[in-house]
Q: 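The structure is given below, and queries will be raised subsequently.
This structure is a prediction, so every number in the text was calculated from the model and none was measured. We're numbering straight along the sequence, starting at 1.
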Amino acid sequence: MQDSFLKRHLTLSILFGSLLMILGIYLMFQQESFVKIFISILGLFLAGSGLFTLFSLSGYKLGKRSKIATLVKALISLGLGITAVIVPLTAADVSWKVFLFVIAIELVFSAAILFLDALLLRKSGIVVTGMLSEGVFSLVVAILLFVFPEQIGSMLLKLVGVVLIASGLGMVFWAYRIRKINRQFNTQAIEVEAVVVDESSKD
């Protein structure tokens with residue numbers, strides 16, 4: 001039973017790792033649609049950040065103004081994130097450069113709110129490491145979007161591709177390694193059992 005579960009788990013790991021590598025290779029060689037894909041990825045990040053903030057807001061001990069600012073940030077992130085995911089799929093005639101600037105402005109606003117909330121919540125017992133990490137990430141991406149609005153999409157998309165390929169390779173190698181160790185363990189267990197049976201039969 002346990003051996004069967006392990007085999008299924010390793011098979012799924014190999015399959016998922018292979019899919020990650022294929023997706024990574026696909027992203028690295030995108031040329032025409034890389035901006036749309038990159039905007040969609042940013043949209044997923046913004047939407048996820050907005051949803052997480054909305055679900056977590058009730059647990060934050062913030063003042064009225066800070067809570068309103070955080071709520072506004074969450075709603076804008078969610079709305080802009082959904083828009084950024086949908087618009088590239090509709091083939092709408094929009095200025096992608098302007099769209100990236102709008103996302104960059106929202107990321108700066110989000111980073112400011114995240115840093116402020118982390119500062120206000122640092123003594124409340126709530127772990128603020130995630131807020132600080134998201135704030136730094138948002139600020140760095142926003143700066144890159146302002147400085148390299150056209151090149152950043154291609155550069156980061158290729159970086160995401162490399163990360164996906166590396167993650168996929170890691171999962172596949174890990175699965176093969178665990179499978180090899182499991183086979184060696186089963187072989188040794190069978191040999192030990194055979195020795196025990198042989199010695200007991202002599203007695």
Q: Taking all heavy atoms of A111 and all of G135, pick out the closest pair and write down the distance.
A: CB-O, 3.5 Å
Q: List the steps, then state whether side-chain contact (heavy atoms from CB on, under 4.5 Å) holds for L119 with F115.
A: CA-CA 6 Å; L119 181 65; F115 289 144; over 6 Å; no
Q: How close do S66 and D117 get, counting heavy atoms only, and between which atoms?
A: O-OD1, 4.5 Å
Q: For a side-chain contact (heavy atoms from CB on, under 4.5 Å) check, start with the C-alpha distance between L78 and L54, then their side-chain angles and the critical distance, and finish with the verdict.
A: CA-CA 9 Å; L78 181 59; L54 285 176; 4.0 Å; yes
Q: Minimum heavy-atom separation for A142 to A104, with atom names?
A: CB-O, 3.5 Å
Q: So, do L114 and K73 sit near enough that their side-chain heavy atoms are less than 4.5 Å apart?
A: yes
Q: Of the non-hydrogen atoms in F45 and L107, which two are nearest, and what is the gap between them?
A: CE2-CD2, 3.9 Å
Q: Please identify which of these residues, T53, V108, T70, meets the side chain to side chain contact (heavy atoms under 4.5 Å, CB included) condition with I113.
A: T70
Q: So with a 6.0 Å cut-off around CZ of F146, is the heavy-atom count from everything else above 12?
A: yes
Q: Is a side-chain donor or acceptor of S138 paired with a backbone partner of E134 at a separation under 3.5 angstrom?
A: yes
Q: Is F52 linked to L120 within one hydrophobic cluster, defined over Ile, Leu, Val, Met, Phe, Trp and Tyr using a side-chain heavy-atom separation of less than 4.5 Å?
A: yes
Q: Report the C-alpha separation of I39 and F99 in whole Å, then their side-chain angles, then the decisive distance to 0.1 Å, and conclude whether the side-chain contact (heavy atoms from CB on, under 4.5 Å) test is met.
A: CA-CA 8 Å; I39 288 176; F99 206 1; 4.1 Å; yes
Q: Count I, L, V, M, F, W, Y as connected when their side-chain heavy atoms are under 4.5 Å apart, and connections chain through other members. Are I82 and F55 then in the same cluster?
A: yes
Q: How far does CE of M131 sit from OG of S110, to the nearest 0.5 angstrom?
A: 12.5 Å
Q: I68, L116: one ILVMFWY side-chain cluster at the under-4.5 Å cut-off?
A: no
Q: Taking the side chain as everything from C-beta on, heavy atoms only, tell me whether V85 gets closer than 4.5 Å to L46.
A: no
Q: Consider side chain to side chain contact (heavy atoms under 4.5 Å, CB included). Of L75, I103, I105, which one does L80 pass it with?
A: I103
